[in-house]
Structures are given as C-alpha cells and as structure tokens.
Amino acid sequence: MSVAATGDGSAAPAAELVGVTKRFGPVLANDGIDLAVARGEIHAVVGENGAGKSTLMSVLYGLHRPDAGHVLRDGKRIRLRSPADAIAHGLGMVHQRFRLFPELTVAENVVLGAEPVHRGAVDRAAARRAVEELGERYGLRADPAAQVGTLPVGVRQRVEILRALYRGAEVLILDEPTSVLTPGEATRLFEVLRTVTATGASVLLVTHKLSEVLTAGDRVTVLRQGRVTGRFDTAGTTAAELVQAMIGRTLGSAGPARSTTGPREAAYALEVRDLSLSDRDGVARLSGVSFGVRPGEIVGIAGVAGSGQRELIDAVTGLNVPGPRDSGQVLLGDAPVRRGRDPEVAYVPEDRHGRGTASEMSLAENLLMGDQRRPGSHTGRLGLSRAAVRARARDLVERFSISAASVDVPIGALSGGNAQKAVLARELSRRTPVIVVEEPTQGVDVGAQERIHALLAEARDRGQAVLVQSSELSELRALSDRILVMFEGRVVAEFSGDEATEALLGQAMTGATTGATTGATPEATPEATPGATPVATSGDPA
Amino acid sequence: MNIFEASFLAAVLTATTPVVLAALGGLICQVAGVFNIALEGQLLWGAFTAVVFSHLTGSAWAGVVGAMIVTLVYAAVLSLASVTFRADPIVVAVGTNLLALGLTAFLMRQIFGSGGTYSSPDLAGLPTLAELGLDVPVLGSQSPLVLLAFVLVAVVGWWLRRTRSGLRLRGIGQHQAAAAALGLKVGGYRHGVVLAAGALCGLAGAQLALGNVTLFSEGMSAGRGWVAVVAVMLGGVLPWRVLLACLLFGVAEAVGFRLQGVGLPQQAADSAPYVITLFALILAGVAARRRPKEIS
Amino acid sequence: MTTPAPGTPAPDTTAAPGGEPRDGGPSPGARVLGWARRIVLSTPVLAIGGALVLTTLVMLAVGVDPSLAYPALLRGALADGNLEYTIAAFVPTLGMALAFAIPLRACEFNLGGDGQMAIGGVTAAAIALHLPMVAGVAVVLPLAAAALAGGLVAGLSAPLRTRLGIPAIVTTLLISTPAVAFASYLVRFPLGEQGTGIAQTPPLPDATHLPALAGSSYVTIGLPLIALLTVAWLYADSRTVLGYEIRATGQNRDFARYGGVAVNRLAAVTLAGGGAFAGLVGALIVLGPPYRYVDGALTAPGYTFTAVAAVLLATARPIAVPFAVALLTVLQVGGQGMEREAGVPSQLTQIVQGLIIVIVAVFATVRHLRARRGAGA
Amino acid sequence: ADGSGGSAAPASSDKSIILITPNPVGTNSFLQLGVKGAEAAAKEIGASFKLYESKDPTSIAQNVDAAVRAKPTVIVGISFSFDDVFNTVPKQHPEQQFLQVDSCAKDQAANLACVSFKEHEAAYLAGIEAGLLTKSDKIGVVAAIDSPFVHRWIDPFFAGATSVKAGVTGTPLYVGGNNPFSDPARAKSQTQTLTGRGADIVSAAASGGNQGVFEAVAASGAKAFGVDVNQCASSAGNIIDNVLKHVDVATVAAIKEIAEGKNGGVKVYGLAEGGVGVNALEDDVASSGCTIADSPEVIAKVKQARDDIVAGKITVADPLKG
Ligand SMILES: Nc1ncnc2c1ncn2[C@@H]1O[C@H](COP(=O)(O)OP(=O)(O)OP(=O)(O)O)[C@@H](O)[C@H]1O
Ligand SMILES: Nc1ncnc2c1ncn2[C@@H]1O[C@H](COP(=O)(O)OP(=O)(O)OP(=O)(O)O)[C@@H](O)[C@H]1O
Ligand SMILES: [Mg+2]
Ligand SMILES: [Mg+2]
C-alpha cells in the first residue's frame with residue numbers, strides 16, 4: 001500500500017517505510033508497516049506502549065535491520081546498515097533517553113563524528129560558530145562551551161536536535177521528546193520544530209500526548225500491536241478518534257472524578273511544617289514549606305523544573321541526605337518521617353530506570369523491593385521463599401495487568417509503560433497511609449494513563465493520602481483535590497482542584513502571584529503564558 | 001637528605017618511566033571505556049621480548065621496536081576477546097597476566113637455556129641521552145625513552161583534547177551507545193586503544209629491561225603494571241594527572257629507599273608509596289567534599 | 001510481548017527446569033542424549049577442552065610428551081596422597097574466593113585479600129602465642145580474632161568509599177601492601193623467633209593446632225568449616241533478605257536506597273564480611289602445618305589472585321565459585337606433580353590456567369549473548 | 001639439566017637423589033650451587049637425580065612427602081626452610097636418609113645429616129677488603145629483604161671493614177617490593193641511592209637483583225662484591241671480590257658420605273674447612289677477573305685475617321646467634 005503524500009504533489013515523500021516487519025524472538029514488534037513522511041511536515045506516530053513505535057523509528061535510523069520491508073528516501077530505495085548510513089542519507093534521531101556525552105561541551109557534542117578540522121586538530125572555533133549559527137537560525141540557543149552534563153534536560157534536548165541538524169538532517173526523528181520536558185520547554189520545542197520544517201525538513205514525532213499531536217502535528221499514524229490501525233490529518237480528527245484507533249475503544253469520561261466526600265477535617269496523614277533544606281554546599285533548596293495531606297485526598301504539586309519538588313519529595317520519603325542548615329519537620333501522622341526510606345510512604349519515582357527499578361533483576365525481584373523486610377507472604381520458613389516471591393509477583397502482574405512474558409524476565413526487557421505499571425503496582429499494593437507519586441504517566445500510553453489515574457483515585461478513595469508531582473498541568477487538574485505551586489523552593493500558591501486553571505497555575509509557577517519574582521529566570525515568563533498555542537502555521541506545507 | 005639532589009631526581013625518573021609508559025596505555029583504554037588491567041603481564045612480556053630482540057640483533061633499538069610489535073600482538077588476545085567477543089576485559093586480563101608470567105619464564109628457558117636472570121655483556125642496552133649528545137644534569141644519564149615518555153604524556157594529552165580521533169575516543173568512553181548511534185566504529189576504536197596500550201607496554205618493558213638495566217629476570221615487572229593501573233584509577237582520563245600519580249608514587253618510593261638508609265625498617269619503606277598515595281587520595285576526597293559542586 | 005488480555009498470567013516458559021518443553025516431552029533416550037549434548041557443549045567443558053588443545057600444542061612444540069605430562073598432572077593433584085595437598089590448597093583458595101565474591105555481589109571490588117589475610121594470620125599467631133589457652137576452645141579464639149581483624153582491615157575501605165567516594169578497588173589494593181608489610185614487621189621483630197634464618201614466629205602451642213581429619217595433618221577442620229561457610233553464603237545470597245538487598249545494591253545502588261536498603265551499611269558489611277573470610281584464611285594457614293606464621297608463606301602461594309580468577313571465571317554465578325576454585329587448585333597442585341614426575345616445568349600450568357581463563361571468558365560471553373538474543377520471550 | 005628438573009644421569013643403577021629447594025631455583029646462585037653439587041654427586045655415585053622446586057612452606061612439605069614416597073637413596077633439602085619438616089619427617093621414616101644443607105633441624109634424627117656454613121666468616125673477609133679499599137669511607141650492602149639470615153652478609157661485612165678502618169660507615173638497603181629476589185631494576189636504584197650518597201663499595205646480596213647492583217656501580221665508578229659464586233665476569237673490572245660459599249663442594253661430600261653408609265651428623269663448613277671464602281684466597285685469583293687481584297697487599301691482609309680466624313684469634317660474630 002502506498003500513501004499519497006500531502007506535500008507538494010509531485011515530489012516523493014522525504015522518507016518512506018514500506019512493508020517493514022521486525023521480530024524480536026516471538027514478539028512481532030512491527031508487522032508490515034507502511035509510513036510516509038512528506039517534506040516539510042510534522043508527522044506524529046502514536047500507539048500504546050509496546051505498539052512498536054520505537055522499533056519502527058530504529059529501523060528508519062538504521063539501528064535495527066528489518067526482517068522484511070525497506071526504506072525509501074526521496075523516492076529512492078536506500079540501504080541502512082547502521083546509523084552512519086542513516087546520517088549519510090540525511091536522517092537524524094533524538095532518542096528519548098538522550099545519547100549525549102556528559103563530560104564534553106555542547107559544541108563537542110554537536111560536532112562529534114563530523115568535526116571541522118584545521119591542521120590536524122579539531123577546529124573548535126568553527127565548531128562553536130556552527131553551534132551559534134544553527135542556534136540562531138532555529139532558535140535553539142545553547143552555550144557552546146557549557147559541559148553537557150551540567151545542563152538542564154530541556155537544553156540537553158536542544159543539543160540533540162542541534163546535533164542532528166548540524167549533520168544536515170532533513171528528516172528528524174524524535175522519540176517521545178516531550179515526556180521529559182516541562183510544558184514551557186515543550187512549547188518551545190514545537191516552535192523550534194516549526195522553524196525546522198519551514199526550511200523544508202520533515203519531523204517524525206513519537207508521542208503519547210494526543211494534545212500535542214493535534215496541535216503540533218500535520219498528520220498522524222496510529223500503531224497497534226505492530227500494525228498501522230489508522231492514518232489521519234490532524235485538522236480533521238479528534239482525540240477520541242485517535243484513541244479508538246490506538247486501543248480499540250474509547251476512554252471513559254475526562255479522568256477520574258475528584259473526591260467530593262473526602263474527610264476534609266481529618267488529621268493530616270502527611271504534614272510538612274516549616275521545612276527549610278539546603279544542599280551539601282549550603283545552597284537553600286527549600287524555604288519554609290508547610291502543608292498537609294489528609295487521608296482520602298490527592299494533593300498535586302506544580303512548578304517549573306528545579307523549583308524544589310525533587311527536594312521536597314526526597315524529604316517526605318526520608319530519602320534526602322541532611323544538609324548543614326536544615327530545619328522544620330516532616331510528620332507522618334504524629335511521628336517524624338524515618339530517615340533512609342520511611343516504609344510508611346509508598347513512592348513512585350520519576351526516574352524509573354535510575355531509581356525505580358534495577359533493570360537486570362527479574363520482574364519478581366523488582367516487585368519485592370521495599371517489602372522485603374516485612375513479614376509477609378514472601379517469607380519462607382528460613383528466609384526468602386522464591387516461590388512466594390514469584391507468586392506474589394504473579395498476583396501483582398495480574399491485578400495491575402502488567403504485560404510480561406514471565407515474572408522471571410529482567411524488568412529492563414519490559415516496555416516503558418509496563419515498567420511504569422510495575423513500579424506503581426509495587427508501591428500501591430503496599431497500602432501505606434501515604435503515597436507519593438512523581439510524574440505518574442511519563443512515557444505511558446493513553447490507555448495506561450487512564451488506568452493509572454484510576455488506580456490513584458482508587459487509592460485516594462480507600463483513604464490513602466496521595467501527593468502527586470507532575471509537569472502535566474492537565475493531569476494535575478484532573479487528579480488533584482488541591483494543587484500547590486512551588487517556585488524557588490517555596491510554596492507560592494494553593495488552588496483547589498476546581499478553581500485551578502492552567503492559566504492561573506502557569507502564572508503562579510513563574511512566581512508572579514507572590515511578587516517573589518526577584519530571581520525569576522527571564523525565559524520562564526513567556527513559556528508559562530497561559531493557554532499559549534504552541535503551533536505556528538506558517539510552516540505548513542499544504 | 002636533599003630530595004632535589006640530582007641522583008634523587010634521576011632515581012625517580014628511572015623508576016617512574018616504565019610505569020608512566022604503561023599507565024599511558026591504561027589511560028587511553030580508560031578514556032575509551034575499557035578497564036585494562038593487563039598492563040602487568042604486557043609489561044613483563046615487553047621486557048622479555050625487548051631482551052630477546054636485542055639479543056638476536058645486537059641492537060637495543062631493534063629490541064625496542066620488536067618489543068612494541070610483539071607486545072601489540074600479545075595485546076591482540078585481549079582486544080579480540082574483550083572487544084570482538086565482548087568477554088569481560090578484567091577476566092581476560094587476569095588470564096593474559098598469568099599467561100605472560102608462565103610464557104616468559106618458559107620461553108626464557110627455551111631461548112636462553114636457563115631460568116632466573118639472563119644478562120650478558122653482549123646484550124645491547126639503550127644509550128643514555130648524554131651518549132647521544134644531550135648532556136644535561138639529571139636527564140643526561142637517562143635513556144631516550146625517559147624523555148620520550150614525558151613527551152608522550154604531552155602528546156597523548158594534546159591528542160585526546162584536540163584531535164578528531166581523540167574527541168571521538170572520549171565520546172566512546174562516555175557513552176558507547178551514543179557514539180555508535182553517531183555512526184562511529186566503536187569496536188575499531190577499542191581495538192585500537194587496546195593494541196596501542198600493548199605497544200606502549202612493550203615500550204615500557206623495553207625501558208625496564210634495556211634502559212633501567214640491561215637484562216631480563218623472571219617476573220621482573222614486579223608489580224609495576226599494577227602501579228600503573230592504580231595511577232590510572234587515580235588520574236582518571238587526564239594524562240597529566242596520571243603522570244602526577246606515577247610521580248607521586250615514584251617519589252614516595254625513592255624517599256622510602258632513602259629512609260631505609262637512616263634506619264627505617266624495610267617494611268615501612270615498602271609501605272611508603274602506598275600509604276602516601278592513600279593519604280593523597282583521602283585529602284583530595286575531603287577537599288572535593290568541601291568544594292562547592294557544580295549542578296549536575 | 002504482544003499484550004495478552006489483562007488478567008491472563010503470561011505463560012511461564014523460562015521457568016521450566018532446564019528449559020525442556022513441558023508438554024509431550026521427548027523420549028527418555030533422547031533426553032539423556034540431550035543432557036549429554038548439553039554437558040559436552042557447556043561453557044566449562046568447551047573452555048577446558050580448548051585450553052587443553054592449545055596446551056598440548058605448546059607441549060608438542062617444546063618437546064614435552066603430553067601422554068606423560070597429563071597423567072602426571074592428574075596424579076599430582078589427586079593420587080598418591082596428593083589429594084590432601086589439593087585439599088590443603090583448596091580450603092584457603094575457596095576462603096579467599098569468598099573474600100572477593102561477597103563484596104562483589106554488592107559491586108565492591110576487594111583486591112586487598114593479601115593484606116587482610118596477613119593481618120588475620122598474624123593476629124591468630126599473636127593470640128595463640130600470648131594468651132593462655134584452654135584446650136578445646138583454644139583453636140576457636142584465634143580463628144575468631146583473625147576473622148575480626150581481617151574484617152576490620154577490609155572495613156577500612158567502606159567509609160572511604162561511602163564518605164569520600166574513593167572506589168574500594170583502589171583502597172583495598174592500596175591498603176593491602178602496607179598491611180602485609182606490617183604483618184611482616186611483626187613476625188620479623190616483636191613476634192619473631194630468635195636464632196633462626198627466616199622471619200617467623202615460634203611454633204604455636206599444640207592446643208591451638210587445627211584438629212586434623214582423616215589422619216592427615218593437611219586436611220583439618222578447615223575443610224568442613226569453609227564448606228559450611230560457603231553453603232551458608234550461597235544460602236544467604238539467594239534465599240535471605242540480606243542477600244537480596246546485597247544483590248539489589250550491586251545491581252543499582254539508587255534503587256536499593258530507594259527501597260529502604262541501608263546501602264552504605266551494606267557496603268561496609270560486605271567488605272568487612274569478605275575481609276573476615278580473608279582473615280580466617282590467614283588463621284587457617286597459620287594454625288595448620290607448620291603451625292607458625294612464616295613471613296611470606298601466606299602470600300607466596302598467591303591464593304588471593306587465584307581466588308579472584310576463580311570468581312571471575314564463575315561469571316556471577318555463586319554456585320559455580322567452588323567448582324572454579326577446585327579446577328584452578330587441581331591445576332596448580334597437579335602442576336607441581338607434573339614437574340616432579342615428568343620434568344615439565346610448572347610454568348606450563350600457569351600457561352594452561354591463563355588459557356583456560358581467557359577461553360572461558362570468551363565462551364561465557366558468547367553464550368550469554370546468544371542466550372539474551374534467544375530470550376526475547 | 002637446566003635447573004628445571006629431569007635426570008642428570010641415566011637411571012641405570014637403583015641409586016637416586018632427590019633435591020628439594022625452598023623456592024624456584026631461578027636466579028638464586030646459592031640454590032644453583034646446591035643443584036650443581038647434587039648433580040655432580042649423582043654422577044660420581046652413579047645415581048639418578050631429580051629436582052623438586054617448592055614455592056612456599058606448604059609445597060615444601062608436599063615435595064618432601066612426594067620424595068619420601070619415591071624412596072631415593074637420599075633426600076636433600078636446602079636451607080633453614082626445611083627445619084620444621086625435617087624435625088618430624090625423618091623420624092617417621094627411619095629407613096630413609098635425609099640431608100639438610102645450610103641448616104639443621106633442631107631435633108635432629110639419626111637419619112638426618114646436616115651441612116652448614118659460616119658465611120659470616122667470608123663476609124667478614126670481604127669487609128676487610130672493603131675497609132682497606134674504600135676511599136670515601138662509606139660502604140653499603142644491597143640485600144633482597146631484611147631477614148635474619150640475610151644479615152650474615154651484612155653485619156660481618158661492616159664489622160670486617162671497621163676492623164681495619166675505624167671510620168667506615170656501612171648502610172644496608174633492601175630491595176623489598178613485590179618481587180624482592182628478582183627485581184634488578186629496584187636493586188639498581190637502591191645501589192644508585194647508596195653511590196649517590198657517597199658509597200664507593202656496595203656488596204650485592206640481592207639474588208636475582210645482583211646484576212642491577214653491578215650495573216649501577218659500573219655507571220658510577222664504584223665497586224661491588226658478588227656473592228656465592230665468582231660473579232666478577234658479569235661486570236668486568238667493577239667487582240672486587242665475592243663472598244664464596246662452596247655449597248656444591250659440601251653437598252657432594254655429604255652425599256657421598258651418605259651413599260657410603262655414614263649417616264647423620266652435622267658438618268660445619270667455615271674458613272677452616274674451606275667451605276666458605278673469597279676469591280682473594282684462591283690460587284687462581286689472578287685469572288678470576290676480580291679486581292682484588294690488583295691489590296696484593298690487601299690479599300696479604302685477608303690471608304692473615306683468615307689465618308687468625310682459623311686459629312681462633314678472631315671470632316666473627318654470627319648475626320643469627322646474636
Ligand atoms: N531489542 C529488543 N529485543 C526484544 N524485544 C524488543 C526489543 N525492542 C523492542 N522489543 C519489543 O518489541 C515491542 C515493541 O517495542 P517498542 O519499543 O517499539 O514499543 P513502543 O511502541 O516504542 O513502546 P513505548 O510506548 O513504551 O515506548 C515490545 O513488545 C518490546 O518489548
Ligand atoms: N523484550 C526486550 N528484550 C530486550 N530489550 C528490549 C525488550 N523490550 C524492549 N527492549 C529495549 O528496551 C528499550 C526500552 O523499550 P521501550 O521502547 O518500550 O521504552 P522507551 O520508550 O525507549 O523508553 P521508556 O522506557 O523510558 O519509555 C527499547 O529501546 C528496546 O530496545
Ligand atoms: Mg518507545
Ligand atoms: Mg516509551
């Protein structure tokens with residue numbers, strides 16, 4: 001099947017995948033997929049976790065060789081034996097987990113592999129100029145001399161894009177680029193992508209965020225279990241249609257109902273009193289934070305990255321390393337939180353690879369962590385009963401519908417969404433009085449998002465106190481009974497779930513409502529402009 | 001005791017040169033993300049082959065070149081096993097170290113007809129710099145390889161910082177998958193550095209057997225390759241820091257020698273370089289803890 | 001994995017023992033053949049076979065008759081009463097293997113076994129010489145003290161690792177040489193025997209000698225002791241919470257910390273635990289024949305390094321550690337027999353060992369990679 | 001044979017000799033001499049010869065046991081490292097003959113013969129030479145390790161020197177490190193340390209490292225002493241003399257006695273017995289290659305001292321007994 005290009009009629013698609021099939025052992029990750037990307041378009045690819053999106057992109061970038069099918073570039077069949085071939089054919093890829101060299105500078109990261117050389121040495125001045133010029137042209141500003149490891153996530157992603165552009169990429173593949181970005185950063189990214197497509201380049205965008213697809217994309221291809229189940233022009237489609245194609249059904253109403261019956265006057269299950277923390281170097285990270293979460297309540301935390309959320313959560317879970325100028329208290333009921341990790345606080349961390357799982361250990365062993373010292377079903381007569389550990393894991397796999405070949409596979413072999421579900425399963429099943437969740441649905445498909453939200457609401461309704469941190473304002477609004485906004489280590493605003501609009505939240509996140517804007521980064525302000533529509537239409541090739 | 005007297009500095013230079021050369025090999029592997037602990041065996045192998053070639057040809061320089069080539073070939077075992085077959089380089093290195101110990105002792109009996117030490121007035125040693133016309137204090141009494149070692153430190157430093165292949169090598173060490181995704185031949189680079197490290201160890205062995213002394217003696221590497229490994233651990237991926245670590249060790253050792261002369265027990269002198277290095281590490285660690293950290 | 005319907009437990013294929021298909025298995029004969037094939041093609045067998053082929057070539061090249069050398073090697077390790085020496089070398093090597101393997105499970109490299117062993121040995125000697133001993137328990141106290149001392153020496157590396165971030169692989173190595181030198185100093189001077197040529201302590205009192213088993217002074221209670229401790233470690237590693245936490249720490253420190261594991265304490269526990277084994281080995285050597293601390297005698301046989309090689313050979317499978325140790329010990333002790341009987345220089349055994357290690361490492365990875373590729377299930 | 005084993009004589013007779021060393025023979029000239037002696041003895045009495053090299057105390061015991069099983073005419077163990085084993089094993093095997101060279105088990109059995117040496121007497125004579133020849137009045141010894149036994153080459157050497165020249169100071173340095181008996185590079189730099197501080201005579205007792213000592217003195221214009229055998233040829237013109245220990249001679253004699261049925265007993269070889277000495281005392285000193293040949297007046301003094309020691313007028317203190 002060939003797909004008609006919507007581009008300038010005569011020309012062949014910039015890139016086209018024809019009948020691509022890719023198997024991993026028994027798994028048919030891609031099953032005869034056809035996909036064409038027209039010149040100058042942003043083409044979105046959506047689908048459930050494990051639908052085969054990353055695999056397809058890897059085929060296009062020469063990382064995987066397809067078992068069947070081939071790739072066309074500008075209508076000509078090309079052979080992709082390695083990423084080097086892909087690069088040579090003007091393909092560029094930005095992976096979800098960045099592939100940067102942390103100890104090299106921005107300029108070095110950008111030019112590495114295609115360095116300008118002057119008299120035997122890398123021409124660093126030319127490299128710097130190239131970064132500056134590209135940054136200028138596409139609005140991708142990054143200090144060429146900065147060490148990449150010290151940069152915030154959003155800037156690192158810019159470096160990845162710069163790198164692809166520097167190599168003359170005309171088809172840019174981005175795998176879940178926004179799942180690690182703040183809303184402001186995401187907005188900025190789409191502005192950049194529009195500038196890029198305006199020059200005639202194309203973008204392939206893998207994402208789980210349907211709103212992005214509809215606002216930023218031109219066309220969208222939907223995958224399900226390795227097959228194409230829908231192709232749409234974004235102009236003529238709705239989220240519901242996409243969801244239908246993705247998961248074969250429609251989603252329920254707009255998220256879980258907010259608690260109305262919550263025991264508003266009950267004692268706090270989690271209380272933070274006048275908490276001030278500084279890091280090892282004595283820099284203040286939190287200043288006088290106070291709030292409480294009652295049983296049967298979900299409290300959301302919003303804020304631009306680096307506003308103190310991470311430190312607050314580390315303090316609440318007991319994980320933080322005490323700094324030299326700490327004061328204040330974190331109370332669980334009446335007792336102060338236990339240092340190390342308080343077993344009474346369930347915690348779903350943002351970084352599921354680095355913190356939430358040990359990727360080489362089995363799913364069963366991953367599901368045990370945190371509970372290993374509790375006398376319970378996993379304990380045999382003389383210690384840890386493997387049978388019991390596995391039985392317990394199977395039970396969780398079933399209850400939380402985690403899809404895995406067995407509980408003995410390394411958790412690293414699970415797809416991102418399933419790994420996330422495993423972490424949630426582990427933490428929620430512990431029935432602790434307090435649950436702390438960071439970025440509950442990062443990198444998770446819409447179907448799973450819905451289930452995760454439902455699970456959190458369920459926990460709330462059981463009377464657990466839930467603290468949710470998310471960079472998705474819509475998610476916070478859908479879930480939370482109350483939303484706290486953090487800025488520069490303080491809680492600067494509090495909204496009830498009903499009154500919080502994205503405009504209000506966005507404004508508060510810049511520190512604007514309190515007047516405490518002294519240190520506000522200049523770039524933070526425009527990013528958080530409420531209701532900003534990120535997509536410019538100027539580059540639309542139609 | 002004047003630690004700046006010429007003989008002291010000369011002793012430090014002599015003692016450190018083989019270690020520096022081997023450590024440079026370890027360093028470039030480290031930069032590429034290969035933990036190379038095969039230096040000890042390769043150093044021994046280099047010393048042995050240097051003497052064999054010098055013995056066969058009557059030329060010390062033939063010994064040096066021969067040692068570099070043969071040790072490079074020997075390092076191919078490590079490079080094939082760990083890069084091509086992706087075996088654990090640490091395990092393979094343990095094996096090749098043992099192999100070197102056995103093979104040199106064994107071949108020594110085959111070639112020279114006896115175990116122990118082989119030395120002969122006919123065995124050509126490396127000339128001193130003074131003999132080559134560079135008659136300056138301290139350095140004059142050293143072999144040209146001493147000078148070369150220090151030049152190489154600078155060259156490797158420049159190469160890693162400034163050249164295309166150096167930059168790529170650093171990238172490979174920091175994030176292998178990323179480098180591969182950029183189309184770099186990661187395996188090729190790794191083969192390259194492991195083999196180059198072999199050649200450097202050959203050079204180090206040649207200096208030990210034909211520069212420091214003019215003979216071969218069973219097991220004469222005597223732990224110098226391990227010192228080089230420690231120096232790489234201390235110095236990380238910066239050549240000048242690795243050089244510093246080697247020199248620290250060499251100075252501590254020379255000071256220990258001298259302290260023996262004033263009645264310190266041999267055991268204390270033996271410990272001195274290790275204890276001093278450990279303290280240097282602890283001090284550096286404490287200082288790093290104090291220093292405000294960059295955000296990362 | 002294509003998403004199975006929610007609620008359907010995934011079929012547990014990898015859990016079947018030996019990976020045999022469950023339904024309608026093959027005939028018993030075919031099964032035996034299958035087993036035989038699997039054993040013949042297993043990594044250790046292939047690796048040893050490969051190493052033997054190469055070694056035979058070396059022997060032929062230098063004019064040694066393999067048909068004399070190999071039987072001599074086996075006899076040297078296993079026959080003619082040599083078995084007791086093999087056991088005598090197996091015990092300390094296995095102990096040192098644990099000294100390396102225990103911290104390794106938490107991803108800490110203990111390369112300082114020599115120092116820990118020397119301090120353990122000298123502690124045992126000092127206590128045996130200078131504390132009045134009640135018969136019966138006289139042997140227990142030096143053993144316990146040696147384990148404690150070895151544990152303390154290794155434990156020194158823990159705060160350096162957790163507080164200053166200096167890797168244990170560096171500090172254990174750096175501490176080892178001074179520790180050996182200190183023990184050497186003690187037996188040379190304060191504890192040394194007068195009027196003898198070597199630095200050694202006087203003979204230890206009879207009550208502190210390790211009780212011999214089976215009429216051989218070389219096979220002592222050290223063997224059952226180390227065997228018991230090995231089983232205890234294997235059990236603890238796979239079947240206890242502590243073992244689970246140690247493994248998790250080794251796999252991902254952040255994850256373990258997040259799971260409430262006191263990772264810093266565990267680092268100290270595993271390092272000290274490893275050191276305790278090294279110290280114990282020191283005591284076992286000193287309290288066995290010739291019943292004294294002879295300077296250099298503990299480190300000269302190279303138990304520490306053989307043990308490291310054995311653990312690495314076992315490639316992260318604890319159960320394989322004793323077997324790898326046994327293999328290397330047989331080669332080493334047998335090599336001396338081969339030298340005595342067939343006049344084959346014992347360097348040849350070093351060559352064989354080196355070859356085996358390299359080849360096993362290669363085979364193990366190739367299999368591992370193939371297994372990974374196959375286990376897409 | 002090359003020291004790695006094998007038979008030296010056709011095993012035609014039923015006589016056999018097994019020699020066990022405490023360490024690999026390798027570079028150790030002392031052990032090489034022992035092997036040489038035992039081989040010579042085997043040839044003379046028509047016995048087969050086998051060499052068992054040990055690596056550590058455990059393997060010493062193993063080799064002794066293996067030797068006992070082989071039931072040779074005599075089992076020879078070299079050095080004090082056999083003290084412990086030869087305390088017990090000969091008693092358990094009364095029909096087997098044993099010979100210990102260079103030391104004697106404390107609890108000597110009737111079937112154990114011992115041969116030991118007074119190498120300190122020879123070292124004292126070398127010290128006299130050094131005392132007479134030093135110009136800087138600074139001399140030194142580079143030894144492998146600091147063990148009591150090694151002091152037999154150090155303390156009497158210095159004592160000999162001060163006996164002829166009161167102002168001489170002697171400094172011992174030890175090679176140490178990871179491989180003290182075979183680290184010529186370290187031995188060389190130890191020697192350089194000594195010569196750098198003014199020593200003009202350095203005695204080598206560094207086993208495999210001796211060659212390093214010789215190289216260092218050659219480069220700095222100092223002089224050295226060799227050990228055990230005549231090492232003068234290995235660095236012509238730089239070696240004054242050697243502290244000789246005729247292990248081979250003594251071993252041949254002791255083995256022949258045992259073969260003739262004279263068992264047990266202790267034989268001590270000192271200057272009087274001609275078991276130790278210096279090349280200066282040998283008849284062929286002129287052709288020895290040793291520089292002492294150029295100093296007849298020193299040789300005369302050495303001969304006098306030898307006579308005094310033999311006559312008991314001078315007693316050289318044995319560091320091992322001190
Ligand atoms: N290298 C691999 N080996 C084995 N199976 C793989 C491999 N890569 C992907 N798979 C499997 O192929 C299927 C598709 O995976 P892919 O990563 O393409 O999904 P995805 O659509 O990107 O999912 P997500 O939304 O979670 O990122 C999954 O079942 C996955 O487990
Ligand atoms: N069954 C498997 N066996 C081996 N590797 C796998 C398997 N499934 C997935 N992978 C690999 O793991 C990686 C992660 O899978 P997936 O694409 O689902 O997540 P992702 O989107 O790349 O990352 P995230 O987990 O952060 O969402 C993939 O790149 C794939 O190559
Ligand atoms: Mg993906
Ligand atoms: Mg994903």
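Residue numbers start from 1 in every chain, and the chains themselves are labelled A, B, ... in the order their sequence lines are given, proteins ahead of strands.
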Contacting region of Trp159(B) [heavy-atom separation from chain A under 4.5 Å] = neither

Contact summary for Glu103(A) and Gln174(B), nearest pair of heavy atoms = N-OE1, 2.8 Å

message = Quick one, Arg163(A) and Leu182(B) - any side-chain contact, counting heavy atoms below 4.5 Å?
response = yes

Heavy-atom proximity to chain B below 4.5 Å, by part of Ala114(A) = backbone

message = Distance check, rounded to the nearest 0.5 Å: Arg99(A) atom CZ versus Gln176(B) atom CD?
response = 10.5 Å

ask   = Taking all non-hydrogen atoms of both residues, which atom of Gly120(A) and which atom of Trp158(B) are closest, and how far apart?
value = O-CH2, 4.3 Å

ask   = Could you walk me through whether Arg124(A) and Arg161(B) pass the side chain to side chain contact (heavy atoms under 4.5 Å, CB included) check?
value = CA-CA 11 Å; Arg124(A) 291 193 283 190; Arg161(B) 277 183 62 76; 3.4 Å; yes

ask   = Among Leu112(A), Asp123(A), Val111(A), Val117(A), which residue meets the side-chain contact (heavy atoms from CB on, under 4.5 Å) test with Arg164(B)?
value = Val117(A)

Leu104(A) portion near chain B, given a 4.5 angstrom heavy-atom threshold = both

task = Give, as side chain, backbone, both or neither, the part of Ala180(B) having an atom under 4.5 angstrom from any heavy atom of chain A.
result = backbone

message = Let's test your reading of the structure: which of Ala84(A), Gly92(A), Ala86(A) forms the most heavy-atom pairs below 4.5 Å with chain B?
response = Ala84(A)

message = Quick check on the interface: out of Thr163(B), Val237(B), Leu184(B), who has the most heavy-atom pairs with chain A under 4.5 Å?
response = Thr163(B)

message = Between Tyr61(A) and chain B, with a heavy-atom cut-off of 4.5 Å, which part of the residue counts as in contact: side chain, backbone, both or neither?
response = side chain

inquiry  = Just so I know, are the side chains of Leu167(B) and Phe101(A) near enough to count as touching, which here means a heavy-atom distance under 4.5 Å?
reply    = no

